[in-house]
Amino acid sequence: MGGRVSSRIDSLANEGVRTLSPYQPGKPVEELERELGLTGIVKLASNESPLGPGPRARAAALAALDELARYPDGAGTRLKNALSRRLGVEASCITLGNGSNDVLDLVAHVFVSREHEVVFSEHAFAVYPIVTRAIGARAAVTPARDFGHSLEAMRKAITPATRLVFIANPNNPTGTWNTRAELEAFVDAVPEHVIVVIDQAYEEYVDEPDYPDCIPWIARHDNLVVTRTFSKAYGLAALRVGYAVSSPAVADLMNRVRQPFNVNSIALEAAEAALEDEAHLEKSREVNRAGMAELTRAFDSMGLAYIPSVANFVTFELPVAGEKVFHALLREGVIVRPLDAYGLPRHLRVTVGLESENRRFLAALTRVLRP
Ligand SMILES: *Cc1c(COP(=O)(O)O)cnc(C)c1O
């Protein structure tokens, strides 16, 4: 009976949603500690900052607790003004979101209908197929080049039915990136009926001189949307706050469909304070640089191949199924990310942690892979 009812309900759902599998988040530490009867588990599975927020963001979040009975500022005026000054764009170009995930979803809802196509790469961020299929639109998935985005394949995949292209720069879970010249040529070549989203969730970590800040390009391209987040380098993943920068015309459309209070007041206050805390951001970058060097050196000496990454995680290749090593690492109290869902069943992704966490991970991996 229950089954019959739920399959009837299921058949009422829009076709895209019916065949959708939900985003798989990393398991919370507490849940795993209960399950395994372990303590002191190390979670390097969701690209979170090992430092967490800085002292200023933390103090601002705490101070915001005094106003919990009030609705947040639905326009997010102060945070938008702070971003406007920081990024050198008008506040009217900024759309705040409940995480940048929210703005990715908003862009798709504004521009994409069932008859449209959305272009993104193989091994790209999991949210792109989810938002595409939730609308019932067709996903045009292009083959990767050296695990990263082939912008040439993506350009060729554009048809008159294409409305949206998602580019993650750098990409998660591969840590790959596209240069300024490549990306600028791509944006210039895209026809006007296509919206290009460049997702820069890890922008703060990238040290490459040819890595582009794409925000200035919105002045020339009213079909370009650049997204960023406070979840990664700023260490505020729990608060859910990110944003899009676009032409005011696109921002106006996104503003029509967003929930009126999509960013809460604690997040607004903490994000604004985090933007002012340059020292903490620099510390995040330093910890990441050192940790990335440590992890990749260890992979080299273990003879494990990895995909060179400019972000705060690295994806490495295994001689056996990633899922198997993932479970063995769990039993050692270390959570990483299996990548079967990304078409990479022989790889695992590990987030760069604190020195002590990286060492725990490497010691566990060495034990697990010992013949
Ligand atoms: C983590 C991540 C995001 C953003 O997540 P939010 O917490 O929703 O801001 C966006 N894009 C990519 C590629 C990511 O890895």
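For ligands, and for the atoms within them, numbers begin at 1 and follow the listed sequence. The basis for the numbers below is simple: all heavy atoms, side chains too, and nothing from hydrogens, waters or symmetry mates. All values derive from a computational prediction rather than experimental measurement.
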Less than 6.0 angstrom separating the ring centers of His347 and Phe147, yes or no?
yes
Taking only Lys NZ, Arg NE, NH1 and NH2, and the carboxylate oxygens of Asp or Glu, determine whether Arg86 and Glu204 approach each other closer than 4.0 Å.
no
Between Glu30 and Arg34, is there a side-chain N and carboxylate O pair less than 4.0 Å apart?
no
side-chain hydrogen bond (donor to acceptor under 3.5 Å, both in side chains) with Arg70: which residues, sequence neighbours excluded?
none
Protein residues having a heavy atom less than 4.0 Å from any atom of ligand 1
Gly99, Ser100, Asn101, Phe125, Asn172, Asp199, Ala201, Tyr202, Thr229, Ser231, Lys232, Arg240
When you check the gap from the basic side-chain N to the acidic O, do Asp207 and Arg285 get nearer than 4.0 Å?
no
Carboxylate-amine/guanidinium contact Glu117 Arg138, below 4.0 Å
yes
